[in-house]
Every structure is written in structure tokens, then in C-alpha cells.
Amino acid sequence: EKIIFSGAQPTGSLTLGNYIGAIQNWKALEQDYQCLYSIVDLHSLTVKHDAEAFRKQNLSFLVQYLACGLDPEKNIIFFQSHVPQHSELAWVLGCNTYMGELNRMTQFKEKSQKHQNNINAGLYTYPVLMAADILIYQTDVVPVGEDQKQHLELARDIAIRFNNAHGETFIVPEGHIPKVGAKIMSLQEPDKKMSKSDENLNSTIFLMDSEDVLLKKLKRSVTDSENRVSYNDEQPGIKNLMTIYSKLTGESIEEIQAKYEGKGYGIFKKEVAEVVVESIRPFKEKYEAYMNNLDYVEKIYQSGAERATEIAEITMKEVRNKIGLMPK
Ligand code: TYM
């Protein structure tokens, strides 16, 4: 059976970009494969945070995963920090990764540009921990958005290098990136990706946003003066809204274009907003239901950690042996 692994950082709260770029695919894959979906809490330590707020956010994130409809019986859903083999493998892989490779990571360059007062070593070696997340489970497929492509490529390179040096140890994973929706754009600057950490809150749709806020954000979203609902690079704001509409309704871009032929942006934006609100409504209901049943939620992540640890330890044993560490 194929193994699927993916994760999201519990920084802020899930966005519509996370949902369309990644989680929609996580859900699609759960039918046919053994999927592991992790809240990569250790990755979030690269930004400064308050411990108590972070603990709450971690729990909320797990509940947000469940509220997206991920099946807790089928999938292994867990906190990265509950499986210490991730960090252990990250050290080993770090010793098989060149600084030149990490220097090329565009996300590191962007993030260190943005947080000049906190360019820590964790931020720099972040992609190595991500490689460990993936390789420790002998993952075949990693469903992610466009922005993780480079990190995934590095994970593959590290796996191949390790296999060449020590003999076949890791499966070399493939990415699974959606054809449409792999990069949902900011509502305010449609040439930038929608991000959890955008300072302008109007740029980002959070799944936790109230209906009022959702409607307001979509109404204010930046478009252009063409007033023609058409899917092309000269109209990035409209293109983005069409993408969102298409991914949430399952209607093709052509169908949407035909439907709004001759109609202006006013009507289109209003209907996009309705689609978003309707799509998010069941999420909110599930979120509340799980939040009122935290005993069950706790069982989910405890059993997730147990099952994940079992798999991770098989790989880790082999790695320790292959690199010549003394058996206990
Ligand atoms: P993170 O937490 O930034 O995002 C989680 C997932 O959402 C996707 N995504 C988007 N997709 C489309 N449009 C957007 N605007 C958008 N923003 C985010 C991301 O591509 C990602 O799939 N480093 C990862 C977390 C991670 C991970 C891993 C992922 C750690 N270890 C192992 C896969 C496998 C990250 O920061 O994702």
C-alpha cells in the first residue's frame, strides 16, 4: 500500500490556500492509501511565540484538520513532536546536506528577509527536518501546494544521496501538486501567495473567519477595471477568484467563464463570497462539534502518535544500523 505524508505548520490558523492547495488532496487520497497527516509543531518553533498561546493553537489546529473532514479512523493524524524520530533523523540527514543546497532555498531567503531580527539556525535547517518528516515513513507521495516544490526536491536529493552512500534505505518520494489551485493568491495583492502570516488580514481567508468577515474580505478583494470574468494572467485577481470558485464547486473554469459572460464583477464577487461561505459552513459546525468532544480528540492524536512512532522506528533502526551507530 502506498504511503502518503503531509503536514502544515500550526502558525496562525488554516487558510483557504492551505485547504485548496493541500488539504483537499489529503482528503481525496485518504480513500485509497495509508495517509499520515501531521501538525508540524517543531517547524513552528522557528518563529518566536508565547508557550500557552502556542499550546492552544496546536490543539485548535488539530481540530481544524478534523473539521476539514479528514477521517480520523482512516488517517494517522498526529503532532510531529510526539514522534521524536523526526528530530533524530533530521540530525542524520543534516550531516548529508550541503550548506550550498540550503542557501538556495527561496523560502529561507524570503523568511530571513522578513524576520531580520530572528534569522535562527532552525529557519535555515527547516527543509532538513521536512525531509526527515517525509523519509521517516517511507513516503511514496507528498500532497502539497506549489510553494513546497523546492523543499520536496531537496528531500528527494537527500534520499538519493543517502541511498547511494549507504545502500537502499529510503523511498524517493513524489510530489502531488494540484493542476489548478496549487497557489491561491492574496486577495489584496494577487501577485503574491495567500499566506497565514500576511500582516494585511484582508489578504487572507481563514477557515475560522466569521461569515461577516468572509463577505467583507471578498467584497474588498482587489481586481481590475476590465469588468470581464475571464481567466488570464493579465487579470490575476479575477483569475484567483475563478480558481477558488472552481475548486470549491467542482465547476470547470470554462463553465464559470460561460456562466458570468456579460455579467460584471459585482455579481461575480457576490457569488464567489456565497460559495466560500457555504463551503466553510460545515467546517465551522464540525469544528464546534469536535471542540465539545475533546476526549475523543485526545484519543485521535494519541493513537496517531503511537501508530506513527511504530512506523518511524522501523526506518530509524535501519538508519542507525546503516550509518554504524552501536546497537543499545
Ligand atoms: P504550510 O504550513 O505553509 O502550508 C501547508 C500546506 O498548504 C499549502 N499552501 C498553499 N497552497 C496553495 N495556495 C496557497 N496560498 C498556499 N499556502 C500554503 C502548502 O504548500 C502546504 O502544502 N513546510 C511546510 C510544512 C511541512 C511539510 C512537511 C509539508 C513540514 N514538513 C512534510 C509536507 C511534507 C509548510 O510550511 O507548509
Side-chain angles (χ1 to χ4, degrees), residues 3-27 29 35-47 57-58 61-62 64-65 68 70 78-81 83 86-87 89-90 93 105-108 110-111 122-123 125-156 158-159 173-198 203-207 236 239-240 243-244 246-248 308 312:
I3 304 279
I4 314 293
F5 179 92
S6 200
Q9 281 190 75
T11 308
S13 159
L14 281 179
T15 70
L16 193 64
N18 296 139
Y19 181 73
I20 292 177
I23 299 177
Q24 264 196 333
N25 271 334
W26 300 3
K27 237 164 69 174
L29 291 162
C35 305
L36 296 110
Y37 296 129
S38 184
I39 286 141
V40 291
D41 47 4
L42 298 176
H43 277 109
S44 287
L45 300 180
T46 52
V47 287
Q57 205 171 290
N58 275 310
F61 237 82
L62 187 113
Q64 289 181 51
Y65 272 25
C68 284
L70 294 178
F78 68 103
F79 291 103
Q80 180 192 35
S81 62
V83 185
H86 288 239
S87 321
L89 182 60
L93 298 182
M105 294 292 120
T106 53
Q107 210 160 75
F108 172 70
E110 279 163 26
K111 285 191 181 167
L123 203 58
T125 57
Y126 179 114
V128 178
L129 180 58
M130 178 161 163
D133 297 339
I134 298 168
L135 302 182
I136 194 97
Y137 298 108
Q138 304 294 351
T139 300
D140 296 286
V141 179
V142 187
V144 285
E146 176 81 36
D147 61 343
Q148 297 302 318
K149 223 172 163 171
Q150 196 187 28
H151 289 158
L152 198 62
E153 205 47 53
L154 178 69
R156 288 168 54 87
I158 297 174
E174 303 284 338
H176 183 293
I177 298 174
K179 283 201 186 70
V180 176
K183 193 173 184 188
I184 298 297
M185 309 310 269
S186 150
L187 297 184
Q188 290 301 313
E189 296 162 85
D191 54 339
K192 251 177 53 181
K193 80 163 179 182
M194 182 182 283
S195 155
K196 286 183 198 117
S197 53
D198 202 311
S203 295
T204 307
I205 294 180
F206 293 102
L207 302 184
K239 184 177 174 186
N240 192 39
T243 304
I244 291 172
S246 168
K247 295 296 286 193
L248 294 180

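Every number for a ligand or one of its atoms is a count from 1 in the order of the listing. Only a predicted model underlies this, so the values are computations on that prediction, with no experimental measurement involved.
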Among Tyr19, Phe78, Trp26, Phe79, the one residue meeting ring pair (Phe, Tyr, Trp, His ring centres under 6.0 Å) with Tyr65 =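 For Tyr65, the ring pair (Phe, Tyr, Trp, His ring centres under 6.0 Å) check succeeds only for Trp26.
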Any N or O on [X] sitting closer than 3.5 Å to an N or O of ligand 1?
X      : value
Pro143 : no
Lys193 : no
Gly145 : yes
Asp133 : yes
Gly17  : yes
Lys196 : yes
Thr15  : no

Is there a side-chain contact between [X] and [Y], using heavy atoms and a 4.5 Å cut-off?
X      : Y      : result
Lys27  : Leu70  : yes
Tyr126 : Lys111 : yes
Met130 : Gln148 : yes
Gln188 : Asp198 : no
Gln9   : Val47  : no

For [X] versus [Y], what's the shortest heavy-atom pair and its separation?
X      : Y      : answer
Asn58  : Pro10  : OD1-CG, 3.2 Å
Thr139 : Pro173 : O-CB, 3.5 Å
Ser6   : Pro143 : OG-O, 2.8 Å
Leu154 : Pro127 : CD2-CB, 3.6 Å
Val144 : Leu152 : CG2-CD2, 4.4 Å

I want to confirm something. Looking only at heavy atoms, which of [options] is nearest to [atom]?
atom                    : options                       : answer
atom 15 (N) of ligand 1 : Ile20, Asn240, Thr204, Ile184 : Ile184
atom 20 (O) of ligand 1 : Asp147, Thr243, Val144        : Asp147
atom 35 (C) of ligand 1 : Lys111, His86, Gln148, Gln107 : Gln148

Output the list of atoms in ligand 1 that are nearer than 4.0 Å to some heavy atom of [X], sorted by atom number.
X      : answer
Ala22  : 6 (C), 7 (O), 22 (O)
Ala182 : 11 (N), 12 (C), 13 (N)
Val142 : 33 (C), 34 (C)
Gln9   : 2 (O), 36 (O)

Between [X] and ligand 1, find which residue part has any heavy-atom pair under 4.0 Å and reply side chain, backbone, both or neither.
X      : answer
Ile134 : side chain
Ala8   : both
Lys183 : backbone
His43  : side chain
Leu129 : neither

Where is the nearest protein heavy atom to [atom]: which residue, which atom, and how far?
atom                    : result
atom 7 (O) of ligand 1  : Asn18 ND2, 3.0 Å
atom 32 (C) of ligand 1 : Phe5 CE2, 3.4 Å
atom 23 (N) of ligand 1 : Tyr126 OH, 2.8 Å
atom 28 (C) of ligand 1 : Met130 CG, 3.4 Å
atom 25 (C) of ligand 1 : Gly7 O, 3.7 Å

**Request:** Please work out which of the three classes, parallel, tilted or perpendicular, describes the rings of Tyr137 and Phe5, given edges at 30° and 60°.
**Result:**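 If you compare the ring of Phe5 with that of Tyr137, the planes turn out parallel.
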Any chance the side chains of Asp41 and Ser81 put a donor and an acceptor closer than 3.5 Å?
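Result is yes, a qualifying pair exists.
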Indicate whether the side chain of Thr243 and that of Asn240 have a donor and an acceptor atom separated by less than 3.5 Å.
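Judged by distance alone, the side chains do not pair up.
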| message | When you measure from the side chain of Gln24 to the backbone of Lys247, do you find a donor-acceptor pair of N or O atoms at a distance under 3.5 Å? | response |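 Present.
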Judged by non-hydrogen atoms, does Ala155 sit under 4.0 Å from ligand 1?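 No.
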